[in-house]
Trainee: 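Can you keep this structure in mind? I'll have questions shortly.
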Amino acid sequence: MLERTATELEGVAIARGRVRAIATRAEVAPALAVTVALALWAVSLRDIHLRSMTSLGFVSVLPPTAFLALAVLGTSFCLTLWRRPSPEALLGAHVVALVFMLYALPALVEPTARFAVTWRHAGVMQAILDTRHVAPGTNPYFDWPGLFVLSGFAAKSAGAAGVLGAANWVPFGLELLYVGPLLLILRTLTIDRRLVWLAVWIFYLCNWVGQDYFSPQGFAYLLYLVVLAILVGWMRPGWPGSRARPTVTSALVGVVLLLFAGMVVSHQLTPFALLASTAALAVSRRCTARGLPLAMGVIVLLWLSYMTAGFLGEHTGAIFGAIGNVDATVNQNVAGRLRGDAGHLFVTRARLGMTVGLWAVSVGTALWLRRRGHREPAPLLLLLAPFVLAFVQPYGGEVLLRVYLFGLPFAAFFVAAALRRARLAVVVGVTLALLGGFLVTRYGNERMDWFSADEVAAVDRLDALAPSGATLVAWSSSLPWEARHYAEHRYRTVTGSEDWGRISQMTPGGSAQLGAVARYMRAQKGGAYLVLTRSQAAEVDLTGLGPRGSLRRVDAGLRRSPAFRALYANRDASVYGLAPASRRRP
């Protein structure tokens with residue numbers, strides 16, 4: 001009897017050992033896959049040549065090993081997620097690796113900060129640091145200075161010269177910070193761990209909008225997600241803490257209003273998106289603080305009345321005249337973008353396709369879930385609430401992009417719910433398709449968004465040449481300027497001038513066009529200087545601002561024209577001033 005018992009115990013021990021070994025191998029394999037994917041990615045980036053980039057952006061210069069790295073990571077995530085149980089540490093490692101590979105890509109391969117607006121934001125921050133005050137009414141950035149004051153204080157405390165050196169890492173940092181509130185929101189909406197992590201995965205595969213750079217929107221979006229996490233997670237009906245300790249609810253309301261105030265002083269649009277979402281939750285009784293939307297509205301009105309009265313007074317027609325004008329919104333946000341060369345059109349249509357497809361699947365899944373008895377309205381309400389913004393303002397042709405961004409966590413939830421019961425092969429296929437689509441939709445304009453060291457050197461030379469009060473002129477808007485002496489100069493573009501409609505019809509680089517540009521520059525205050533760069537030429541070619549290669553012809557014409565004098569040149573940029581009157585032809 002004792003021998004039999006000992007034999008059985010030995011058999012049980014062996015079986016348990018085998019189970020532990022299998023479990024260990026099951027955990028080692030995904031970890032190894034993440035490591036292999038990151039190693040392949042790092043090796044691949046050595047073969048990227050930015051100057052070979054086409055109008056499809058990064059996807060045109062990434063080597064095959066880069067796509068293999070993404071495929072390994074995506075397949076491994078799906079296999080790990082579909083295995084029961086799926087360790088959260090491994091799922092989190094896959095998500096962090098995905099964020100690094102997709103969002104830190106420019107930081108790893110580009111020599112300087114990307115996006116012209118990044119350089120402008122750095123200039124605004126520096127101007128506030130230099131003057132130690134803001135002047136409301138003189139510039140919209142000074143009417144909503146929250147991010148610039150905060151980042152300037154942080155940079156000065158850290159002893160940093162500025163933010164440009166680390167600017168390309170900001171998207172990676174912000175996207176990692178988004179993970180926390182996303183998980184809290186999704187874990188409140190469902191107890192299904194697989195659905196939660198799949199929704200996080202979909203969020204990062206579909207966040208192509210590119211508003212996570214050093215910008216008020218990227219910062220305000222983090223506050224937006226944190227507030228929604230509080231509202232959905234801790235201020236919903238039935239949350240035990242609200243009944244046990246009423247003071248907890250009061251404290252949460254205080255935190256929400258503090259975060260909302262930080263948002264109000266930093267960004268024009270995000271507070272209204274959050275206000276719409278909060279009102280939707282309150283009206284549907286999915287938020288216990290029914291008076292919260294009213295308090296938020298008061299904060300917005302106080303800020304607009306005190307800090308932005310001058311700006312609103314000068315732009316009343318543009319701001320309030322667009323309310324309800326859906327045609328203008330659609331035209332600026334959709335039709336106005338469907339121009340340019342074939343590659344750029346493909347990228348634009350891919351963005352529209354991903355946006356419309358995500359919305360369609362989300363609404364369809366929401367209706368399907370409702371028919372199956374899932375009555376929780378919060379996800380659909382929070383997906384639809386930002387659409388109110390589309391009826392208020394075209395926001396410079398970007399409001400639909402922001403609507404997409406504000407609703408993305410909940411769109412990702414519904415897409416994940418649609419894939420939750422799909423076959424593993426289907427989920428892997430969707431993941432791989434979205435990975436490829438992300439590279440196109442996110443980085444399709446990279447040929448004009450990145451800047452070389454020579455372009456930065458030319459702008460530095462321009463800043464050194466131009467006296468305070470001068471007007472700096474570029475052909476188009478994509479160049480690394482406005483970072484050095486933002487408050488000392490006026491910045492203008494030829495394509496943004498009132499004369500552009502007439503100038504654009506002239507022969508590129510011809511005497512008539514150059515004469516019109518010279519007259520435009522002479523009309524500027526403080527003297528004018530013109531700068532042309534590689535990135536501007538890419539913008540003109542991509543977006544259809546002129547015939548392909550037209551800016552190179554303009555540059556060649558300027559070198560020959562007696563109306564201009566060349567002040568500086570390198571392989572990627574040229575700086576020109578107006579020639580003295582004695583040199584001009586009669």
Side-chain angles (χ1 to χ4, degrees), residues 113-124 139-141 315 318 332 336-337 339-340 344 396-398 445 447-451 455-456 458-463 465-466 469-506 508-509 512-555 557-558 561 563-564 567-568 572-578:
R114 65 198 289 264
F115 287 152
V117 70
T118 300
W119 293 76
R120 183 191 310 148
H121 290 166
V124 174
N139 187 303
Y141 285 114
H315 299 84
Q332 290 187 37
R337 296 178 178 272
R339 65 180 188 183
H344 181 69
E398 290 192 355
N445 290 334
R447 190 154 68 92
M448 72 179 191
D449 289 337
W450 77 277
F451 306 121
E455 290 174 271
V456 174
V459 173
D460 286 343
R461 184 58 180 163
L462 173 67
D463 285 329
L465 288 169
T471 300
L472 310 186
V473 180
W475 194 266
S476 64
S477 60
S478 185
L479 73 162
W481 67 351
E482 301 182 276
R484 300 287 184 266
H485 307 289
Y486 180 79
E488 297 179 16
H489 300 306
R490 285 174 291 275
Y491 297 88
R492 303 288 185 267
T493 63
V494 177
T495 57
S497 69
E498 295 180 356
D499 296 331
W500 172 242
R502 181 171 55 87
I503 294 174
S504 64
Q505 301 300 315
M506 300 175 181
Q513 188 181 66
L514 297 183
V517 172
R519 289 191 294 274
Y520 172 71
M521 291 177 63
R522 292 190 200 106
Q524 305 303 316
K525 297 179 180 178
Y529 297 80
L530 176 66
V531 56
L532 305 181
T533 63
R534 178 212 57 82
S535 52
Q536 292 177 66
E539 182 181 18
V540 169
D541 292 348
L542 284 174
T543 62
L545 288 173
R548 189 173 184 83
S550 60
L551 201 58
R552 287 186 288 274
R553 296 199 289 273
V554 170
D555 193 15
L558 288 168
S561 173
F564 295 88
L567 302 176
Y568 178 83
D572 284 338
S574 303
V575 177
Y576 296 95
L578 290 169

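Counting begins at 1 with the first residue of the sequence. Given the structure is predicted, the values throughout are model-derived calculations rather than measurements.
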Trainee: Would you give me the side-chain donor-acceptor pairs under 3.5 Å for residues 541-551, sequence neighbours excluded?
Mentor:
from: Asp541; atom 1: OD1; to: Gly549; atom 2: N; distance (Å): 2.9
from: Thr543; atom 1: OG1; to: Glu539; atom 2: O; distance (Å): 2.6
from: Ser550; atom 1: OG; to: Pro547; atom 2: O; distance (Å): 2.9

Trainee: Identify the two heavy atoms, one from Ser476 and one from Val540, that lie closest to each other, and give their separation to 0.1 Å.
Mentor: OG-CG2, 4.3 Å
Trainee: Could you tell me which residues satisfy side-chain contact (heavy atoms from CB on, under 4.5 Å) with Arg502, sequence neighbours excluded, listed by chain and number?
Mentor: Asp499, Met506, Ala516, Arg519
Trainee: For Ala116, which residues count as a side-chain contact (heavy atoms from CB on, under 4.5 Å) partner, sequence neighbours excluded?
Mentor: Phe451
Trainee: Output the distance between atom OG1 (Thr495) and atom CH2 (Trp475), rounded to the nearest 0.5 Å.
Mentor: 8.5 Å
Trainee: Sort and list the pairs that fulfil salt bridge (charged side-chain N to carboxylate O under 4.0 Å, His left out) and have at least one residue in residues 478-496, not counting sequence neighbours.
Mentor: Arg120-Glu482, Asp460-Arg484
Trainee: Once rounded to the nearest 0.5 Å, what's the spacing between atom CZ of Arg461 and atom OH of Tyr529?
Mentor: 10.5 Å
Trainee: Main chain of Lys525, side chain of Thr471: is a donor-acceptor contact present, judged purely on distance under 3.5 Å?
Mentor: yes
Trainee: Under the salt bridge (charged side-chain N to carboxylate O under 4.0 Å, His left out) rule, collect the residues that match up with Asp463, sequence neighbours excluded.
Mentor: none
Trainee: What pair of heavy atoms forms the shortest contact from Ala458 to Val575, and how long is it?
Mentor: O-CG2, 3.8 Å
Trainee: Given Leu472 and Val531, is the side chain to side chain contact (heavy atoms under 4.5 Å, CB included) satisfied, shown in steps?
Mentor: CA-CA 8 Å; Leu472 310 186; Val531 56; over 6 Å; no
Trainee: Between atom CG of Leu558 and atom OG of Ser574, what is the distance when rounded to the nearest 0.5 Å?
Mentor: 8.0 Å
Trainee: Checking Trp450 now: which residues fulfil ring-ring contact (aromatic ring centres under 6.0 Å, His included) with it, not counting sequence neighbours?
Mentor: none
Trainee: Within the side chain of Tyr576, is there an N or O that forms a donor-acceptor pair under 3.5 Å with the backbone of Asp555?
Mentor: yes
Trainee: How far does OH of Tyr491 sit from OG of Ser477, to the nearest 0.5 angstrom?
Mentor: 14.5 Å
Trainee: For Asn445, check side chain to side chain donor-acceptor pair (under 3.5 Å) against everything at least two apart and list the hits.
Mentor: His344
Trainee: Can a donor-acceptor pair be found, under 3.5 Å and without considering hydrogens, that links the side chain of Glu455 to the backbone of Asp572?
Mentor: no
Trainee: Any donor-acceptor pair under 3.5 Å linking the side-chain atoms of Thr533 with those of Ser535?
Mentor: yes
Trainee: Can you tell me if Trp119 uses its side chain to pair, donor with acceptor, with the backbone of Ala113 under 3.5 Å?
Mentor: yes
Trainee: For Ala538, give me all partners under side-chain contact (heavy atoms from CB on, under 4.5 Å), at least two apart in sequence or on another chain.
Mentor: Arg447, Met448, Arg534
Trainee: Can you tell me how far CG of Leu530 sits from OH of Tyr520, rounded to the nearest 0.5 angstrom?
Mentor: 10.0 Å
Trainee: Can you sort out the partners of Phe115 under ring-ring contact (aromatic ring centres under 6.0 Å, His included), two or more places apart, ordered by chain and number?
Mentor: Tyr213
Trainee: Does some side-chain heavy atom of Val473 sit less than 4.5 Å from a side-chain heavy atom of Thr493?
Mentor: no
Trainee: What's the shortest heavy-atom distance between Gln513 and Pro508, and which atoms?
Mentor: OE1-CA, 3.3 Å
